[in-house]
Asker: 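One structure, pasted below without further comment.
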Amino acid sequence: MFDLQLAQATKLVRKGLKHLGLPAPEEIAWTSTPFSGQWGFGTTIGFQIAAEEARSGKKVQVPVRAAEIADLLLKEIGIPQGFARAEAVRGYLNLYVQPTEYARTVVDAVLKQAEGFGQGKAKSERVMVEYAQPNTHHSFHIGHARNAILGESLARIVEFAGFDTIRASYPGDIGLGVIKCLWAYKRFHDGKEPDGVHERGQWLLSIYTEANALLGLDEEDEDLKPTERPEYEAEVREMYAKWDAGDPEVRQLWEETRRWSLDELDEILKLLDIKIDVFFFESEVDEPAKAIVEALIQRGIAEDERPQGGPVIIKIDEKLGLKKEKYRTAVVLRSDGTTLYLTKDLALAKQKFEQYQVDRSVYVVDVRQSFHFVQAFKILELWGFPQAEQCFHLPYGFVTLPEGAMSARRGNVVLFKDVMDETFRRVVQIITEKNPDLPTEQRNEAARQVSMGALSYAMLSIDTKKDMVFDWDRALDFEGQAAPYIQYAHVRANSILQRAGKLPKPLAIEHELAPAEVQLLDRISRFPDEVQRSAQEYKPLLIANYAFNLARDFTDFYQHCPVIKAEGKVRDARLRLTAASKQVLATSLKLLSIQAPEVM
RNA sequence: GCCCCUGUAGCUCAAUGGAUAGAGCGCCGGACUUCUAAUCCGACGGUUGUGCGUUCGAAUCGCACCAGGGGCGCCA
């Protein structure tokens with residue numbers, strides 16, 4: 001928010017340095033001063049210049065010389081326009097704004113722009129975020145939820161930051177797992193169908209688990225092998241072949257059960273307030289993927305070993321002229337001519353670049369697939385797509401249970417729907433205790449917002465790289481650094497505004513601001529920059545942290561500064577500051593895909 | 001064997017190469033006649049895995065090592 005003032009200050013500093021006969025560094029950066037309750041910006045150019053002098057042979061002690069330079073510079077430039085105070089401290093040059101003046105600037109800007117405050121200027125680049133890619137014939141568990149929540153938040157952030165944004169989902173609707181499920185259905189449960197969207201989806205998961213139990217979980221697991229297993233396996237293979245050949249009966253069964261899963265996904269996405277723009281299905285990129293293999297062979301990128309009974313491969317290291325193994329060799333087509341995950345992702349990437357004109361392509365996918373994407377992006381580069389450089393895999397750590405990894409195949413998963421329902425029950429209970437007068441309808445609405453928010457925040461407030469242990473007790477802990485704290489701050493702000501009635505018109509702020517007010521204003525003013533940083537680094541965590549800090553600053557203000565009980569212009573100014581805080585709390589929550597309740 | 005990620009307070013986690021490494025939880029002690037206590041105030045708690053380096057300045061960058069996790073030609 002202070003770009004203009006800082007740019008002018010930078011100009012002045014350059015002029016001052018020239019006048020002093022000191023070399024100016026290429027970039028002069030300003031960062032917020034770390035002293036709470038003070039509203040200012042500092043630069044470290046004193047250190048940079050002193051260090052440069054030391055390097056060029058002058059005998060100087062850098063910290064001493066840096067302090068000297070800062071002092072000289074301060075005397076030379078005085079107080080730049082737009083600032084109220086300047087100081088040189090141990091080599092730092094700090095500029096402080098006049099709080100009352102900028103308090104008005106910030107508050108008026110927020111209230112004028114409303115939900116648009118913090119929004120970045122439209123950028124020319126288009127970014128596609130791919131997330132919410134669960135397999136069909138499973139059900140949606142908390143691991144999928146981490147993915148979906150992370151992806152949605154990221155999409156909201158990049159969109160708000162100014163990128164043209166497309167939300168894409170890529171469900172895995174075919175593969176051996178799917179066929180196993182179809183087989184078990186056909187063999188043991190033919191014609192059955194439970195009522196209810198979630199019931200059907202979850203039932204498929206149980207059949208999938210059953211199929212894996214009957215077929216053995218993996219090759220080494222001989223103990224689990226039932227006597228009928230060879231026969232079962234043959235049936236599964238046969239079914240896959242039939243699907244491949246387009247057998248009407250198998251296809252019909254596939255279509256129907258696939259629909260059950262997709263209906264459930266649809267339902268979950270609605271609950272998560274996610275609207276996907278483009279659905280890519282794995283079954284639909286199979287054919288284009290085969291064509292791509294031919295193109296890669298033609299271009300001399302891929303090598304066809306099929307004549308020798310092998311697959312089609314790409315020796316990536318060799319193509320790049322690397323001696324040490326790094327990208328290794330990728331298989332892009334099985335020896336039997338069928339495609340692989342990698343092949344399909346290459347086809348999909350091409351489609352994203354060409355059909356959707358995507359400049360930046362972000363993949364929100366589990367960390368264990370990192371190497372897959374390293375290879376895929378490298379192949380796209382070899383293939384000649386300049387967009388390959390702007391492909392980004394946003395990996396997220398695994399969600400495990402306290403007792404170990406979840407496994408859909410083994411059936412020990414925690415379903416997201418169950419977590420949601422339980423969280424909702426708990427929140428209803430808490431609201432009933434804390435706010436017994438709230439009418440049932442409002443209570444349920446608030447409970448919905450708070451319970452979903454708590455889950456989302458838990459997913460977003462940890463660095464994506466880190467694994468998460470899903471613990472019921474912790475997931476249901478709504479105190480401290482959690483969404484309900486932020487939502488509560490929003491509710492408090494709303495309550496004040498409701499009691500006060502009409503919002504006062506813009507006015508000059510004349511009272512001496514309390515440290516809590518300065519801190520809160522400073523925080524609010526940083527929101528636009530924080531949005532940009534979060535978008536550029538693809539890090540929703542930054543907004544999660546910001547929202548909590550803002551809530552804390554507001555709570556501190558609420559604690560120390562009476563609003564309604566204040567008088568005259570102080571009251572009016574604080575009411576406007578309260579309204580601005582409420583707005584930015586709501587916007588930052590929205591970027592996290594969390595709703596801001598009016599009451600709770 | 002090679003590659004990637006992680007290691008920060010008892011626990012869960014933050015921290016633009018920058019000023020005194022911060023929160024939450026837990027524990028201990030306090031605050032509701034007040035704009036709602038889902039809150040607040042205070043206390044306790046650190047050799048940022050180890051070592052060496054780069055830098056005026058390192059949790060942050062480099063190298064080596066230790067510990068944990070993940071991955072490495074026809075799974076996704």
Side-chain angles (χ1 to χ4, degrees), chain A residues 29 31-35 42-44 46-48 50-55 60-66 89-92 94 133 135 172 175-177 218 282 305 310-315 324-336 338-342 344-345 365-372 374-375 395 397-398 400 427 430-431 433-435 450 461-463 465-469 471 474 477-482 484-485 487-489 491-493 495-500 529 533 537 541 544-545 548-549 552 555-556 558-566 574 578 599-600:
Chain A
T31 54
S32 292
T33 51
F35 316 116
T43 181
T44 58
F47 290 99
Q48 292 168 49
E52 186 52 43
E53 287 181 352
R55 269 195 295 276
V60 295
Q61 276 195 298
V62 173
V64 176
R65 177 62 178 155
V89 185
R90 301 205 314 283
Y92 293 86
N94 296 331
Q133 331 81 327
N135 290 336
L176 195 58
D218 43 54
E282 215 176 313
E305 293 185 343
V312 179
I313 60 170
I314 300 179
K315 294 178 177 170
K324 272 175 68 180
E325 63 170 9
K326 183 161 184 192
Y327 301 101
R328 300 168 191 255
T329 296
V331 174
V332 289
L333 197 70
R334 288 194 189 94
S335 46
D336 67 0
T338 55
T339 65
L340 290 121
Y341 182 52
L342 178 63
K344 291 171 195 163
D345 246 338
V365 181
D366 170 2
V367 67
R368 290 175 305 177
Q369 287 164 43
S370 294
F371 188 60
H372 160 79
V374 166
Q375 288 193 320
F398 212 46
T400 62
V427 174
I430 293 169
I431 296 181
E433 278 167 28
K434 308 247 182 206
N435 197 352
V450 171
S461 58
I462 298 180
D463 193 283
K465 284 175 187 165
K466 290 185 177 161
D467 287 341
M468 263 181 66
V469 177
D471 187 284
R474 254 193 294 142
D477 182 7
F478 306 124
E479 293 188 354
Q481 185 165 2
Y485 179 92
Q487 293 172 316
Y488 186 69
V491 167
R492 293 283 63 77
S495 171
I496 291 174
L497 296 169
Q498 292 302 313
R499 279 171 181 274
D529 285 347
R533 196 158 74 92
E537 297 178 18
L541 170 66
N545 285 341
F548 176 71
N549 287 326
R552 209 172 28 175
T555 303
D556 197 39
Y558 177 88
Q559 212 66 230
H560 290 98
C561 305
V563 178
I564 292 174
K565 285 174 191 159
R574 286 185 175 164
T578 301
V599 291
M600 64 189 264

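Every chain is numbered from 1, with letters handed out A, B, ... down the list of sequences. The shown structure was predicted, so the numbers you read here are calculated from the model rather than taken from an experiment. When reading the values below, keep in mind they use all heavy atoms of this one structure, side chains included, and skip hydrogens, waters and symmetry mates.
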Asker: Atom CD of A/Gln487 and atom C1' of B/U39: how far apart are they, to the nearest Å?
Answerer: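 Rounded to the whole Å, the gap is 15 Å.
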Asker: Starting at atom CD of A/Gln559, determine the distance to atom P of B/U39, rounded to an integer number of angstrom.
Answerer: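 So the two atoms are 11 Å apart, to the nearest Å.
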Asker: Could you tell me how far B/C65 sits from B/C72 if I compare only their C1' atoms? Round to whole Å.
Answerer: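 Those two atoms are separated by 23 Å.
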Asker: If I take atom CE from residue A/Met468 and atom CD1 from residue A/Ile462, how far apart are they, to the nearest 0.5 angstrom?
Answerer: 5.0 Å
Asker: Could you check whether A/Ile314 gets within reach of a base, just the sugar-phosphate, or nothing at all, counting any heavy atom under 4.0 Å?
Answerer: nothing
Asker: If you check every side-chain atom of A/Val491, which of B/G18, B/U36, B/A38 has the closest atom?
Answerer: B/U36
Asker: Quote, to the nearest angstrom, the P distance that separates B/U39 from B/C3.
Answerer: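 47 Å, rounded to whole Å.
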Asker: What I want to find out is whether A/Asp463 reaches A/Lys465 closely enough, with some N-O distance under 4.0 Å, to be called a salt bridge.
Answerer: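 No, A/Asp463 and A/Lys465 are not salt-bridged.
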Asker: Remember a base hit wins even if backbone is also touched, and classify A/Phe398 as base, sugar-phosphate or nothing at under 4.0 Å, heavy atoms.
Answerer: nothing
Asker: Looking at every strand, decide which applies to A/Asn94 at a 4.0 Å heavy-atom threshold: base, sugar-phosphate, or nothing.
Answerer: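 If one applies the 4.0 Å heavy-atom cut-off, A/Asn94 turns out to touch a base.
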Asker: Can you figure out which of B/A14, B/U36, B/G69 approaches the side chain of A/Asp467 most closely?
Answerer: B/G69
Asker: Expressed as a whole number of angstroms, how long is the span from A/Asp463:CG to B/U8:C1'?
Answerer: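 The distance from CG of A/Asp463 to C1' of B/U8 comes to 14 Å, rounded to the nearest Å.
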Asker: Of the listed nucleotides (B/C40, B/A19, B/C56), which one gets closest to any side-chain atom of A/Pro63?
Answerer: B/C56
Asker: Taking the C1' atom of each, how far is B/A58 from B/C63, in whole Å?
Answerer: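 About 15 Å, rounded to a whole number of Å.
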Asker: Taking only the P atom of each, what is the distance from B/G7 to B/A43 in whole angstrom?
Answerer: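 Those two atoms are separated by 29 Å.
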Asker: Check whether A/Tyr488 forms a cation-pi arrangement with A/Arg492 (NZ or CZ under 6.0 Å from the six-membered ring centre, at most 45° off the ring normal).
Answerer: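 Pair A/Arg492/A/Tyr488 counts as cation-pi.
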Asker: Could you check which of B/C56, B/C41, B/C35 has an atom nearest any side-chain atom of A/Tyr558?
Answerer: B/C35
Asker: Let me know, please, whether A/Thr33 or A/Leu541 comes out on the 5' side of the other along RNA chain B by nearest nucleotide.
Answerer: A/Leu541
Asker: Can you tell me which residue among A/Val331, A/Val332, A/Thr329 is in a side chain to side chain contact (heavy atoms under 4.5 Å, CB included) with A/Ile314?
Answerer: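 Answer to the side chain to side chain contact (heavy atoms under 4.5 Å, CB included) test with A/Ile314 among A/Val331, A/Val332, A/Thr329: A/Val332.
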Asker: Just how far, in rounded Å, is P of B/G57 from CD of A/Gln48?
Answerer: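 Result: 14 Å.
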Asker: Report yes if a side-chain nitrogen or oxygen of A/Tyr485 is closer than 4.0 Å to either non-bridging phosphate oxygen (OP1 or OP2) of B/C40; otherwise report no.
Answerer: yes
Asker: Just call it for A/Ser32: base, sugar-phosphate, or nothing, with non-hydrogen atoms closer than 4.0 Å on any strand.
Answerer: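 Touches a base.
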Asker: Would you measure the distance from the C1' atom in B/G18 across to the matching atom in B/U55 and give it in whole Å?
Answerer: 12 Å
Asker: At under 4.0 Å between heavy atoms, what does A/Arg65 touch on the DNA or RNA strands: base, sugar-phosphate, or nothing?
Answerer: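 Here A/Arg65 touches no strand at all.
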Asker: Does B/A14 have OP1 or OP2 sitting under 4.0 Å from an N or O in the side chain of A/Lys466?
Answerer: yes
Asker: Dot-bracket, RNA chain B: Watson-Crick or G-U, under 3.5 angstrom, [ ] crossing, | other strand?
Answerer: (((((((..((((....[...))))..((((.......))))......(((((..]....))))))))))))....
Asker: In whole angstroms, how far is the C1' atom of B/U39 from the CD1 atom of A/Ile430?
Answerer: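 Between C1' of B/U39 and CD1 of A/Ile430: 14 Å.
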Asker: Could you check which of B/U36, B/G18, B/C25 has an atom nearest any side-chain atom of A/Asn435?
Answerer: B/U36
Asker: Grab the CD-P distance between A/Glu52 and B/U55 for me, whole Å please.
Answerer: 13 Å
Asker: Are A/Thr555 and A/Gln559 close enough that a side-chain donor and a side-chain acceptor fall under 3.5 Å?
Answerer: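 Looking only at side-chain atoms, A/Gln559 and A/Thr555 do not form any donor-acceptor pair under 3.5 Å.
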Asker: Are A/Phe478 and A/Tyr485 close enough that their ring centres sit under 6.0 Å apart?
Answerer: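 Centroid separation for A/Phe478 and A/Tyr485: 6.0 Å or greater.
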Asker: Examine B/U55: is either OP1 or OP2 under 4.0 Å from a nitrogen or oxygen in the side chain of A/Arg55? Give yes or no.
Answerer: no
Asker: Determine: side-chain N/O of A/Arg492 to OP1/OP2 of B/C40, distance under 4.0 Å, yes or no.
Answerer: no
Asker: Is any side-chain N or O of A/Lys465 closer than 4.0 Å to OP1 or OP2 of B/C5?
Answerer: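 Indeed not, no polar side-chain atom of A/Lys465 lies that close.
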Asker: Regarding A/Phe47, tell me which of base, sugar-phosphate or nothing describes its non-hydrogen contacts under 4.0 Å with the strands shown.
Answerer: base
Asker: Given 3.5 Å as the limit, does a donor-acceptor pair link the side chain of A/Asp467 with the main chain of A/Gly397, or not?
Answerer: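 No, the answer is negative, given that no donor and acceptor are paired below the 3.5 Å cut-off.
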Asker: In whole Å, measure the gap between the C1' atoms of B/A59 and B/G1 for me.
Answerer: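 Their C1' atoms lie roughly 31 Å apart.
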Asker: With the sugar-phosphate defined as primed atoms, P, OP1 and OP2, and the base as all remaining atoms, what B/S/- string results for nucleotides 70-76 of chain B, 5' to 3', for protein heavy atoms under 4.0 Å?
Answerer: SBBBBSB
Asker: At their closest point, which heavy atom of A/Gly42 faces which heavy atom of A/Thr33, and how far apart are they?
Answerer: N-CG2, 4.0 Å
Asker: Do the side chains of A/Leu497 and A/Thr578 get nearer than 4.5 Å, heavy atoms only?
Answerer: yes
Asker: For the CG atom of A/Leu333 and the CD1 atom of A/Ile313, what is their distance to the nearest 0.5 Å?
Answerer: 12.0 Å
Asker: Among B/U16, B/C56, B/C35, which nucleotide sits nearest the side chain of A/Ser495?
Answerer: B/C35
Asker: Nearest to the side chain of A/Phe548, which nucleotide is it out of B/A23, B/U36, B/A19?
Answerer: B/A23
Asker: Taking any heavy-atom pair under 4.0 Å as a contact, classify A/Asp471: base, sugar-phosphate, or nothing.
Answerer: nothing
Asker: Testing the basics here: between A/Val62 and A/Phe47, what is the closest heavy-atom pair and its distance to 0.1 Å?
Answerer: CG1-O, 4.2 Å
Asker: Using the P atoms only, state how far B/G17 lies from B/U12, rounded to an integer number of Å.
Answerer: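 The same atom, P, in both gives a distance of 26 Å.
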Asker: Any side-chain donor-acceptor pair under 3.5 Å between A/Glu282 and A/Tyr341?
Answerer: no
Asker: For A/Ile462 and B/U8, give me the distance from atom CD1 to atom C1', rounded to whole Å.
Answerer: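 The distance from CD1 of A/Ile462 to C1' of B/U8 comes to 15 Å, rounded to the nearest Å.
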Asker: Can you tell me how far C1' in B/G69 sits from the matching atom in B/A23, rounded to whole Å?
Answerer: 26 Å
Asker: Find which nucleotide of RNA chain B each of A/Gln481 and A/Asn545 is nearest to by heavy atoms, and output the residue with the more 5' nucleotide.
Answerer: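 That would be A/Asn545.
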Asker: Between A/Asp366 and A/Gln133, is any pair of side-chain heavy atoms under 4.5 Å apart?
Answerer: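 No, every pair of side-chain atoms sits at 4.5 Å or beyond.
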Asker: Whole-Å distance between B/C35 C1' and A/Ile496 CD1?
Answerer: 5 Å
